[in-house]
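Worksheet: the structure to be examined is printed underneath.
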Amino acid sequence: MREVRLRFAPSPTGYLHIGGLRTALYNYLFAKHNNGKFILRIEDTDRTRYVEGAIENLIESLQWAGIEYDEGVFLEDGKLVQRGEYGPYIQSERLEIYRKYVDELIEKGYAYYCFCSKERLDKVREEQKIKGLIPKYDGLCRSLSLEEAKEKIANGEEYVVRLKLPPNTDIKFDDLVRGTITINTNDIDDQVLLKSDGYPTYHMAVVVDDHLMGITHIVRGEEWLSSTPKHVYLYEVFGWEKPVYVHLPTVLNKDRKKLSKRHGDVAVEDFRDKGYLPEGLINYLALVGWSPEDNEELLTMEELIEKFSFERVSKTGGIFDKDKLDWVNSHYIKNYDLDKLTDLAIPYLKEANLIDDKFAEERYDWLKVLVETVREGLSNLSEIVDKVGIFFDNEIKPENDEALSMLKMDHIPTLLSAFREELEAIDEVDEEFAKTIMKKIQKATGIKGKNLFMPVRIALTGNIHGPELTSIIYLLGKQNILNRIEYVEKQYL
RNA sequence: GGCCCUAUGGUCAAGUGGUUAAGACACCGCCCUUUCACGGCGGUAACCGGGGUUCGAAUCCCCGUAGGGUCACCA
């Protein structure tokens, strides 16, 4: 049996799209599930759309997401390197290869030179549209003899090479999620295979590369479904073994259109920057378009690999549901290794000028406690900034009138001085103190329940809601609390 | 418009001729908690329409309808 080999083959035109990540993920999961190989190939045959740095960005996003590949283009010390037996893995470095196969097609009569100008093509399409016909190449150069064509080329005329499709022929292929697809050649154009700049089009390059690289399963977006017959035809005329096709449903916006920028984030790096954990994003994304047999929804990469199959990929496009992503991600935040989570959280605190490098280093243990106490309410790490603000500002401002009025209650001065007395009796707040202080104050003042806890909370944070008082007191420490009590007494009492 | 694909709650989705049509997110209620969150329990809510086939259709077929994709020297 052939070794299972799959590839992810993006174009370096920008960032990695969230839909692209899912395609890469499904490829990866299936390859790993079958102990196969996963390959990253770069499809840069459109020189006009090439974006500097896009390949590096793509690789970094994949790496961040935890999707590893065995062959292809890698980033090492900031430089692109290629590894694997089937290289090069960047299509612009494979031009001679495509050329050779294009020549073979021409020789065998499966492709022909075409000298039609862009202007003529546009005009033909225009006229066809007016007549209500399907815009399609009219086949003018189809009848040109090879000799005539070669003569034109010798005279320096620009040309492309087109696929010569047989008329009125059904082309069938099986798709693992959609079943058998049949399309008639009358509905397909004589696709350009080789562009006038000497670069192949996607349709030529993808077939040649997938064959040469031993790709067994082609897993890609649904948008490729209707051009698959062209690829299948090429496999047939070359006499190559066809791969298994899998066309994935689209990831959609709320408006059921393809996920696009105007509705929010679509780049993998945007989610990383917002503080989504790779485990969370991957877990959620796996669930848009696929479900495991047991319907378990919280899955690690290892579990995904174990459970993944194309039989359970759905046929319908799924809306990218940020609420559910948040839920999945919050699960990972709650259970993440605390050191790792703290390391990931620190950049956000720095960015918000809550802490600096020195603070991060010297008070790392304190930061860990901080992260631990607020992690439960977070759906992504960038939200931590709002949650921890109360720990960094001793100038208490009641968040609203309700909070203010609670601070103005008659018994508050007694409460605060009792608190102060307890604090002055110790060197520093420890866990024991934090745990018992409220009871002591209650005993000393006779104030209890809501009249006790809420005013203290507001005096210490200004807010009605927040983490447990015990944690707040522990995290704040003696001096901060004394400062806050003093501030509140001066400002509000 | 031609061709191709698709159609279960607001969303993701189980379901492959016989089920009280799962589960999750979101939403609502209750409990837990002297706050919020977490957690627990419960609730609202779905088979696009019409014809067939069948003893019996969410499941099979046909016709509509709706949505998506594609019709480039872009991938």
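Residue numbers start from 1 in every chain, and the chains themselves are labelled A, B, ... in the order their sequence lines are given, proteins ahead of strands. When reading the values below, keep in mind they use all heavy atoms of this one structure, side chains included, and skip hydrogens, waters and symmetry mates. The structure presented is a predicted model; accordingly, all values stated were derived computationally and were not measured.
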Nearest-nucleotide pick for D189(A), side chain only, options being rA22(B), rA72(B), rC36(B): rA72(B)
Distance between C1' atoms of rU70(B) and rG23(B) (Å, rounded): 36 Å
Option among E222(A), R220(A), K315(A), R178(A) that satisfies the side-chain hydrogen bond (donor to acceptor under 3.5 Å, both in side chains) test with H247(A): R220(A)
Nearest-neighbour nucleotide for the K324(A) side chain, rA75(B), rA72(B), rG23(B) considered: rG23(B)
Upstream residue (5' side of RNA chain B) when V288(A) and I183(A) are each assigned their closest nucleotide: I183(A)
Distance between C1' atoms of rC47(B) and rU19(B) (Å, rounded): 13 Å
Pairwise C1' distance, rG64(B) and rA7(B) [rounded to whole Å]: 14 Å
Sugar-phosphate only, base, or nothing, as touched by T13(A) at under 4.0 Å among non-hydrogen atoms: nothing
Pair D138(A) + R120(A): basic N to acidic O under 4.0 Å: yes
Closest listed nucleotide, where the reference is the side chain of Q442(A) and the choices are rU34(B), rU35(B), rC74(B): rU34(B)
Touch class at under 4.0 angstrom, heavy-atom based, for K254(A) against every strand present: nothing
C1' spacing across the pair rC27(B) / rG9(B), given as an integer number of angstrom: 12 Å
Nearest-neighbour nucleotide for the D321(A) side chain, rC73(B), rC25(B), rG68(B) considered: rC25(B)
Per I181(A) side chain, nearest of listed nucleotides rU35(B), rC4(B), rA75(B): rC4(B)
